[in-house]
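Quick notes on the structure that follows.
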Amino acid sequence: MGKQGRNYLGHEYMNAVWHLEHFSDMARSLDEAKLTYVGSARLLDGIDAFQLNEEGTRFVSQIGHPIMRETVRDFLVNRRFRTDIFAKGARPLPGREHRDAWCALAFVLVVPEIDVPKKIMCARGEVALPADKYDLILEALADDGYRPKRVEELLKHDKLRKLKPQDIVDLLTVLTGAGFAAPAQGPSETVSEQCRALNRHILQRALVSMDLHHMVSPVTGGGIGLNHMTQLFVLATTAGKEGAEALANYVWDFLDSTGERLVRDGNKIEAKDENLKEIRILARKFVKFGRPLLQALQIIDAPEGGGWSNEAKR
């Protein structure tokens, strides 16, 4: 505790009333307000395969009481903080209604297909994503220029016919929980314009600073992580630049005018040719994967007729 900042210590420990609040205590107190535990806001927390080893999974599966099960799981994973969702008047959906609700949802990738890692870090350590299933769902989501797709459409997708409906639901849950996909909406014109205005401001900031690392998508209703180089490529695109060579030259001219240089292996690259070589590699990747994804997310304007709305695809 001596290594922690004073603000942190004051916030966490130096309160008039302070005691350890276990999950069961919180659930009991919220029960008085008729609030029922629904699940964690972090989707991966609810998937035992990503949190526990085989022995732990078997042990937890034998506990019937939901509050006791969550308490035991906390001890097994040594959880320090929880992010729980409680609902008032929660009711389980009947099978058909549950299935229809899932089918009506749409999902979209928020990172290019090739940037989704084969392994992810979670409570039990590094867990591999089986290629025989995840590669298929990633290919399906990347089809048609990363266009958002409803679950109903994915269930009928040629590449996913070998998978069970529950497999597709599980895969989408993991990809969303890991931050590689997100639920999609058909945004109103008001929302789209608000996002365009904020993104214009972010791009202007990119000309003088590297402190903003996200742009906003009206399709997901949230922020999409984009590094400074990608933001510069977006700027070049909005300036009418098309091919990888034109994008690379635009970015180099900007970097050269500000005295910036790329860094490779911790060392600044000084030569123009070497900088351009690196920028061209990144520009080609952006043109092939990044730009289509950002168009699907409506961060970049899509080609004429290439937009998406939830209603249009129903």
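Numbers here simply count residues along the sequence, with the first being 1. These figures come from a predicted structure and were not determined experimentally.
For the salt bridge (Lys or Arg N to Asp or Glu O under 4.0 Å) condition, the pairs that include at least one residue of residues 266-275, sequence neighbours left out, are Arg264-Glu274. Pairs of residues two or more places apart, or lying in two chains, that qualify as salt bridge (Lys or Arg N to Asp or Glu O under 4.0 Å) and include a residue from residues 248-258 are Asp256-Arg261. Counting only residues at least two apart or in different chains, side-chain hydrogen bond (donor to acceptor under 3.5 Å, both in side chains) contacts with residues 38-61 comprise Ser40-Asp45, Ser40-Thr83, Arg42-Asp45, Asp48-Arg73. Sorted by first then second residue, the salt bridge (Lys or Arg N to Asp or Glu O under 4.0 Å) pairs that include residues 240-252, not counting sequence neighbours, are Glu245-Arg280.
In the hydrophobic clustering of ILVMFWY residues, with side-chain heavy atoms under 4.5 Å counting as a link, Phe75 and Ile67 come out apart. In terms of hydrophobic clustering, with Ile, Leu, Val, Met, Phe, Trp and Tyr side chains grouped at heavy-atom distances under 4.5 Å, Val191 and Met215 are assigned to different clusters. A continuous path of Ile, Leu, Val, Met, Phe, Trp and Tyr side chains, each step under 4.5 Å between heavy atoms, connects Leu198 with Leu235, placing both in one hydrophobic cluster. Leu155 is connected to Ile137 through a chain of hydrophobic side-chain contacts under 4.5 Å among Ile, Leu, Val, Met, Phe, Trp and Tyr, so both are in one cluster. Leu232 and Val263 are not part of a single hydrophobic cluster, where members link through side-chain heavy atoms under 4.5 Å apart.
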Apply side-chain contact (heavy atoms from CB on, under 4.5 Å) to Glu12 and Gln4, showing your working.
CA-CA 11 Å; Glu12 291 290 341; Gln4 300 288 349; over 6 Å; no

Take Cys122 and Arg124, measure what side-chain contact (heavy atoms from CB on, under 4.5 Å) needs, and give me the verdict at the end.
CA-CA 6 Å; Cys122 50; Arg124 62 174 292 191; 4.0 Å; yes

Salt bridge (charged side-chain N to carboxylate O under 4.0 Å, His left out), that's the test. Do Arg28 and Asp31 meet it? Break it down for me.
CA-CA 5 Å; Arg28 189 180 303 111; Asp31 186 56; over 6 Å; no

For a side-chain contact (heavy atoms from CB on, under 4.5 Å) check, start with the C-alpha distance between Ile281 and Arg284, then their side-chain angles and the critical distance, and finish with the verdict.
CA-CA 5 Å; Ile281 293 173; Arg284 285 193 288 270; 3.7 Å; yes

Between Leu44 and Ile120, does the side-chain contact (heavy atoms from CB on, under 4.5 Å) criterion hold? Intermediate values first, please.
CA-CA 11 Å; Leu44 296 185; Ile120 61 174; 4.1 Å; yes

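Taking CD from Gln166 and CZ from Arg99, the interatomic distance works out to 11.5 Å, rounded to the nearest 0.5 Å. In this structure, the separation between CD on Gln194 and OG on Ser188 is 7.5 Å, given to the nearest 0.5 Å. Atoms CG and CG, on Leu30 and Asp25 in that order, are 11.0 Å from each other to the nearest 0.5 Å. Atom CG of residue Leu93 and atom CG of residue Asp100 lie 10.0 Å apart, to the nearest 0.5 angstrom. The line from CG of Asp301 to CZ of Arg196 is 6.5 Å long, rounded to the nearest 0.5 Å. To the nearest 0.5 Å, atom CD of residue Glu260 and atom CG of residue Leu255 are 5.5 Å apart.
A heavy-atom distance below 4.5 Å is not found between the side chains of Ile279 and Tyr250. You'll find the side chain of Arg82 stays beyond 4.5 Å of the side chain of Met26, heavy atoms only. The closest side-chain heavy-atom distance from Asn199 to Val216 is below 4.5 Å. Gln185 is not listed as a side-chain neighbour of Pro183, based on a closest heavy-atom distance of 4.5 Å or more. At a threshold of 4.5 Å between non-hydrogen side-chain atoms, the residues Thr176 and Thr173 do not count as touching. With a 4.5 Å cut-off on side-chain heavy atoms, Thr237 and Leu294 do not count as touching. Between Phe254 and Leu207, some side-chain heavy-atom pair lies under the 4.5 Å cut-off. Using a 4.5 Å heavy-atom cutoff, the side chains of Tyr134 and Val174 are in contact.
In this structure, the side chain of Arg69 engages the main chain of Gly64 through a donor-acceptor pair within 3.5 Å. Glu152 contributes no side-chain N or O that, together with a main-chain N or O of Ala104, makes up a donor-acceptor pair within less than 3.5 Å. Of the possible polar contacts, one joining the Lys149 side chain to the Asp143 backbone as a donor-acceptor pair under 3.5 Å is found. A donor-acceptor pair under 3.5 Å is absent between the side-chain atoms of Asn78 and the main chain of Asp74, judged by distance alone. Counting only distance, with no hydrogens or angles, the side chain of Ser209 and the backbone of Arg205 share no donor-acceptor pair below 3.5 Å. In this structure a side-chain-to-backbone donor-acceptor pair under 3.5 Å is present from Tyr146 to Glu113. Within the 3.5 Å criterion, the main-chain N or O of Gly145 finds no donor-acceptor partner in the side chain of Gln295. For Asn275 (side chain) and Leu262 (main-chain N/O), a donor-acceptor pair under 3.5 Å exists by modelled atom type. No donor-acceptor pair closer than 3.5 Å links the side chain of His22 to the backbone N or O of Ser24.
For CG of Asn7, the number of neighbouring non-hydrogen atoms (other residues, nucleotides, ligands) closer than 6.0 Å is 12 at most. Summarising the local packing, NE2 of His228 is surrounded by more than 12 heavy atoms from other residues, nucleotides or ligands at distances under 6.0 Å. Environment of CE in Met229: crowded, with over 12 heavy atoms of neighbouring residues, nucleotides or ligands closer than 6.0 Å. Taking a 6.0 Å sphere around CZ of Arg96, one finds it holds 12 or fewer heavy atoms contributed by other residues, nucleotides or ligands. Environment of OH in Tyr8: crowded, with over 12 heavy atoms of neighbouring residues, nucleotides or ligands closer than 6.0 Å.
Every residue meeting the salt bridge (charged side-chain N to carboxylate O under 4.0 Å, His left out) condition with Lys118, not counting sequence neighbours, appears here in chain and number order: Asp135. Residues passing the ring pair (Phe, Tyr, Trp, His ring centres under 6.0 Å) test with Phe23 are Tyr37, sequence neighbours excluded.
When all heavy atoms of Leu76 and Phe59 are compared, the pair lying nearest together is CD1-CD2, 4.3 Å. Between His11 and Asn15 the shortest heavy-atom distance is O-ND2, 3.1 Å. Considering every non-hydrogen atom in both Leu109 and Leu297, the closest pair reads O-CD2, 3.8 Å. In this structure, Pro112 and Leu293 approach most closely via the heavy-atom pair N-CD2, 3.3 Å. In terms of heavy-atom proximity, Leu154 sits nearest to Ala140 at CD2-CB, 4.1 Å. When all heavy atoms are compared, the tightest approach of Pro187 to Gln298 is CG-OE1, 3.7 Å.
Put simply, the residue from Leu160, Leu163, Asp170 that forms a side-chain contact (heavy atoms from CB on, under 4.5 Å) with Lys133 is Leu163. Screening Leu138, Val111, Leu141 against Phe180 for a side-chain contact (heavy atoms from CB on, under 4.5 Å) leaves a single residue, Val111.
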